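Quick note: numbers below take in every heavy atom, side chains included, and nothing from hydrogens, waters or symmetry partners. Values in this document were obtained by computation on a predicted structure and should not be read as measured data.
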Amino acid sequence: MVESAAPDATASVTVAADPAAVYALITDLATLATLAEEADAMTWHKGTSASPGAVFKGHNRHGSRTWTTKCTVTAADPGRAFAFDVHSAGILPISHWRYDIEPAEGGCVVTESTWDRRPRWFLRPAALATGVSDRTAANSAHIELTLQRLKDRAEAG
């Protein structure tokens with residue numbers, strides 16, 4: 001996916017850690033699952049590490065609701081960027097997520113962004129399945145939480 005339009009939700013955080021170390025946290029699926037708000041677990045399905053074309057399953061939870069997604073890595077540039085497309089039922093486009101890491105004095109700036117790719121007809125069924133009626137607002141709040149957790153984890157060493 002080419003990110004030509006503005007993301008639906010995005011935020012940045014300054015992290016006092018090396019960009020390579022931050023990238024390693026983001027691309028370690030077990031770690032990313034502990035940082036992301038709705039993620040219960042993430043497991044490699046095709047491939048075993050972050051590389052374009054690798055596929056992982058996202059096991060997600062919001063309250064008592066659970067769902068699984070198929071995620072295909074679209075960018076994996078160590079120390080700089082990690083991105084993936086999310087699909088439901090393996091084929092229905094849901095979203096695109098991207099983490100950009102820019103070197104900064106004393107560490108780096110991490111920007112997490114997402115683009116909603118759901119067809120309009122799927123918005124209501126998705127809200128019923130996940131329990132989230134305003135996905136943009138939820139993703140905005142979740143990105144803030146994820147980035148704060150990432151900062152805390154990276155700076156703790």
Side-chain angles (χ1 to χ4, degrees), residues 1-3 7-63 65-118 126 129-130 132 135-136 138-157:
M1 174 187 173
V2 176
E3 297 88 11
D8 294 292
T10 189
S12 299
V13 67
T14 301
V15 180
D18 181 70
V22 172
Y23 178 85
L25 291 173
I26 292 168
T27 58
D28 177 71
L29 295 184
T31 299
L32 185 57
T34 67
L35 302 174
E37 183 64 14
E38 288 181 328
D40 255 0
M42 297 175 181
T43 54
W44 291 112
H45 183 67
K46 176 182 166 193
T48 58
S49 64
S51 60
V55 176
F56 62 94
K57 297 270 178 133
H59 306 278
N60 306 293
R61 174 181 300 279
H62 178 82
R65 292 182 168 99
T66 62
W67 66 96
T68 301
T69 56
K70 176 184 170 188
C71 306
T72 303
V73 176
T74 59
D77 188 359
R80 300 191 59 195
F82 178 59
F84 53 92
D85 287 335
V86 179
H87 290 84
S88 178
I91 57 169
L92 185 66
I94 300 298
S95 59
H96 177 75
W97 287 83
R98 184 172 179 90
Y99 296 84
D100 288 296
I101 306 166
E102 296 290 330
E105 187 173 331
C108 58
V109 175
V110 180
T111 302
E112 181 180 5
S113 305
T114 187
W115 291 258
D116 191 338
R117 297 178 59 213
R118 298 172 299 167
T130 65
V132 177
R135 178 49 64 188
T136 299
N139 283 345
S140 292
H142 296 166
I143 286 172
E144 294 286 344
L145 290 168
T146 300
L147 290 176
Q148 186 58 52
R149 291 171 183 152
L150 175 64
K151 175 181 176 68
D152 294 346
R153 180 81 169 260
E155 292 178 354

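- For the pair Arg98 and Ala81, the tightest heavy-atom approach, listed with the atom from each and the gap, is NH2-CB, 3.5 Å.
- Listed here is the closest heavy atom pair of Val73 and Ala76: CG1-CB, 4.1 Å.
- In this structure, Leu92 and His87 have side chains that are not in contact, with every pair of non-hydrogen atoms separated by 4.5 Å or more.
- Within a 6.0 Å radius of NZ in Lys70, other residues, nucleotides and ligands contribute 12 heavy atoms or fewer.
- Residues meeting the side chain to side chain contact (heavy atoms under 4.5 Å, CB included) test with Ser49, sequence neighbours left out: none.
- With rounding to the nearest 0.5 Å, the separation of CG in Asp85 from OG in Ser95 is 8.0 Å.
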Next on the checklist: Set out, in order, the CA-CA distance, both residues' side-chain angles and the distance that settles side chain to side chain donor-acceptor pair (under 3.5 Å) for Trp67 and Thr69, then state yes or no.
Outcome noted: CA-CA 7 Å; Trp67 66 96; Thr69 56; 5.6 Å; no
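- The shortest side-chain heavy-atom distance between Ile101 and Ile26 falls under the 4.5 Å cut-off.
- For the atom pair His142 NE2 and Glu112 CD, the distance stands at 11.0 Å (nearest 0.5 Å).
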Report all side-chain donor-acceptor pairs from residues 32-45 shorter than 3.5 Å, counting only partners two or more places apart or in another chain.
| residue | atom | partner | partner atom | Å |
| --- | --- | --- | --- | --- |
| Thr34 | OG1 | Thr31 | O | 2.6 |
| Glu37 | OE1 | Arg149 | NH1 | 2.9 |
| Glu37 | OE1 | Arg149 | NH2 | 2.7 |
| Glu38 | OE1 | Arg135 | NH1 | 2.9 |
| Glu38 | OE2 | Arg135 | NH1 | 3.4 |
| Glu38 | OE2 | Arg135 | NH2 | 3.4 |
| Asp40 | OD2 | Arg61 | NE | 3.0 |
| Trp44 | NE1 | Thr48 | O | 3.3 |

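- If you take OG1 on Thr72 and CZ on Phe56, they are separated by 8.5 Å, rounding to the nearest 0.5 Å.
- In this structure, the side chain of Asn139 does not engage the main chain of Ala9 through any donor-acceptor pair within 3.5 Å.
- A distance of 12.5 Å separates CG of Leu145 from CG of Leu150, quoted to the nearest 0.5 Å.
- In this structure, NZ in Lys46 is found 9.0 Å from OG in Ser51, a value given to the nearest 0.5 Å.
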For residues 12-20, which side-chain N or O atoms pair as donor and acceptor with protein atoms under 3.5 Å away, sequence neighbours left out?
| residue | atom | partner | partner atom | Å |
| --- | --- | --- | --- | --- |
| Ser12 | OG | Thr111 | OG1 | 2.6 |
| Asp18 | OD2 | Ala20 | N | 3.0 |

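- Among all heavy-atom pairs drawn from Ile143 and Ala11, the shortest one is CG2-CB, 3.7 Å.
- Note on ring orientation: taking the six-membered ring where Trp is involved, the planes of Trp115 and His96 are tilted (angle from 30° to 60°).
- Residues Asp77 and Tyr23 have side chains not in contact (no heavy-atom distance under 4.5 Å, counting atoms from C-beta outward).
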